[in-house]
There are 2 protein chains.
Amino acid sequence: MALPNRPGTTSSEAEAVLFDLVDVYDRAYEAAAAELSLSPAQACVLGRLDERRGMGALAEELGCDASNITQIVVRLEALGLVVREPNPQDRRARLVTRTPRGDDVNQRFATAFTFARTAVGRLSPDEQDQLTALLRKALG
Amino acid sequence: MALPNRPGTTSSEAEAVLFDLVDVYDRAYEAAAAELSLSPAQACVLGRLDERRGMGALAEELGCDASNITQIVVRLEALGLVVREPNPQDRRARLVTRTPRGDDVNQRFATAFTFARTAVGRLSPDEQDQLTALLRKALG
DNA sequence: CATGGTTGCTTGAGTGAATCAAGCAAATTC
DNA sequence: GAATTTGCTTGATTCACTCAAGCAACCATG
């Protein structure tokens, strides 16, 4: 299990709940990925492939180096969850697509990662709206 | 930058804001650690050392293998931020303490990691209470 | 067109986090 | 006092991540 991104001290109660939330969320994400024998990074990339797209687009969206994506995609490909096809428009580029098995695993991941669904589900529709508004405001 | 723990699809708005929140939080934590040339895991361990404690206690609190803690502490020790002293009560065990430099770096990390403080600070005291209550309820 | 720069991706080297298995020494239990 | 358990470290392995370098293919511009 990955170490939490949790500071040592907390000044307000609201902050403390926030830390808890992030911690529980991250662990749930990791656990859901692990159920399918995926790393969090692999689950994340797999989830972005509803449409076929290039390596560079993935790197940019996910905010990391292209070579990082290469590695992760290579592993997903080795697992048979993804294929890299040549891009007919640009022979340098490669388009990544989920295989049917990849679709299946991705679907099962979405089912297994219940955290956000469950958490939001504990709130009434009104409360959900309040939460949304408060978090939007807090995020600035 | 680490890949986000973000699923591919989102069903409700509240969920989407939650994903954003976690994403922004994690990136802010990582960035604050990076400012001090620490990894997130190192910053996390350093933050737990307000009192001296054993390796095992750290591992248990942070929910990971003891050997993982060993590595991280070894690196923190190499950076001069932490020392491992023998435990007079139990000669198998070792107590980890921050050095003065460790205290300083930890303090500067706490200052640099403004995310939660800033986010909560955008809310009025009433709103903070509402948020706390909603998140508590959502966390179950 | 040629040639020079840019883009898209991969490779290689290096670091760190994480896990598991194995080991060792000190403590505990019986 | 022998067997077990506890606390930690070591070693091996995997993966994520970054940076630098490289290689094609694309795209100017003259």
Side-chain angles (χ1 to χ4, degrees), chain A residues 1-6 26-27 29-31 33-34 36-46 48 52-79 81-97, chain B residues 1-6 26-27 29-31 33-34 36-46 48 52-79 81-97:
Chain A
M1 188 105 52
L3 261 53
N5 285 343
R6 179 185 265 280
D26 282 338
R27 288 184 191 271
Y29 192 93
E30 194 177 341
L36 298 158
S37 305
L38 296 176
S39 68
Q42 288 167 354
C44 172
V45 168
L46 197 60
R48 307 278 122 174
R52 118 187 350 187
R53 59 209 307 195
M55 309 287 293
L58 284 168
E60 194 183 354
E61 178 179 347
L62 299 176
C64 74
D65 197 276
S67 63
N68 193 14
I69 298 293
T70 297
Q71 284 188 354
I72 293 166
V73 167
V74 163
R75 283 174 195 132
L76 287 173
E77 203 168 28
L79 294 171
L81 305 179
V82 137
V83 284
R84 280 179 296 179
E85 311 171 315
N87 182 339
Q89 263 75 55
D90 182 343
R91 296 211 320 281
R92 292 169 300 182
R94 310 179 73 171
L95 294 172
V96 192
T97 322
Chain B
M1 186 106 55
L3 260 54
N5 284 342
R6 179 184 265 281
D26 283 338
R27 287 182 190 272
Y29 192 94
E30 194 178 342
L36 298 157
S37 305
L38 296 176
S39 69
Q42 289 167 353
C44 171
V45 168
L46 197 61
R48 301 291 114 172
R52 116 188 350 185
R53 59 210 304 197
M55 309 288 293
L58 284 168
E60 193 183 355
E61 179 181 346
L62 298 177
C64 73
D65 197 275
S67 63
N68 193 17
I69 298 293
T70 298
Q71 284 188 354
I72 293 166
V73 168
V74 164
R75 283 175 193 130
L76 287 173
E77 203 168 29
L79 294 170
L81 305 180
V82 137
V83 284
R84 280 177 296 178
E85 311 171 316
N87 182 342
Q89 263 74 53
D90 183 342
R91 299 214 314 284
R92 291 168 301 179
R94 311 179 72 171
L95 294 172
V96 192
T97 321

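Source: prediction; values computed, not measured. Proteins come first, then strands; the chains are lettered A, B, ... in the order of their sequence lines, and each starts at number 1.
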query: Can you tell if the side chain of A/C44 reaches within under 4.5 Å of the side chain of B/N5, non-hydrogen atoms only?
result: no

- request: Calculate the interatomic distance between B/N87 atom CG and D/dT6 atom C1'; express it in whole Å.
  value: 13 Å

Exceeds 12 heavy-atom contacts within 6.0 angstrom, atom CD of A/E60: no

Separation between CG of B/D26 and CZ of B/R6, rounded to the nearest 0.5 Å: 11.0 Å

query: Taking CG from A/D65 and P from C/dT10, how many angstroms apart are they, rounded to a whole number?
result: 12 Å

Side chain proximity check, B/L3 to A/I72, heavy atoms < 4.5 angstrom: yes

field: Main-chain N/O of A/E77 paired to A/R84 side chain as donor or acceptor, under 3.5 Å
entry: no

field: Closest-nucleotide ordering on DNA chain D, the 5'-leading residue of A/Q89 and B/P4
entry: B/P4

query: Does A/A2 offer a backbone N or O that forms a donor-acceptor pair with the side chain of A/E30 under 3.5 Å?
result: yes

query: In the 5'-to-3' direction, what one-character label does each nucleotide of nucleotides 2-9 of chain C receive under the scheme B = base within less than 4.0 Å of a protein heavy atom, S = sugar-phosphate only, - = no such atom?
result: -----BSS

field: Spacing between A/L58 atom CG and D/dC17 atom C1', to the nearest angstrom
entry: 16 Å

- prompt: Any side-chain N or O of A/R91 less than 4.0 Å from the OP1 or OP2 oxygen of D/dC26?
  reply: yes

Polar atom pairs (N or O), protein with nucleotides 14-17 of chain C, under 3.5 Å:
| from | atom 1 | to | atom 2 | distance (Å) |
| --- | --- | --- | --- | --- |
| C/dA17 | OP1 | B/S39 | OG | 2.3 |
| C/dA17 | OP2 | B/R75 | NH1 | 2.4 |

Nearest-Å distance for atom pair CD1/C1', residues B/I69 and C/dC20: 16 Å

field: Atom pair CG/CE of B/N87 and B/M55 - distance to nearest 0.5 Å
entry: 13.0 Å

- request: Answer whether the closest heavy-atom distance between the side chains of A/L38 and A/L79 falls below 4.5 Å.
  value: yes

- prompt: Is there a donor and acceptor pair closer than 3.5 Å between the side chain of B/S67 and the base of C/dC20?
  reply: yes

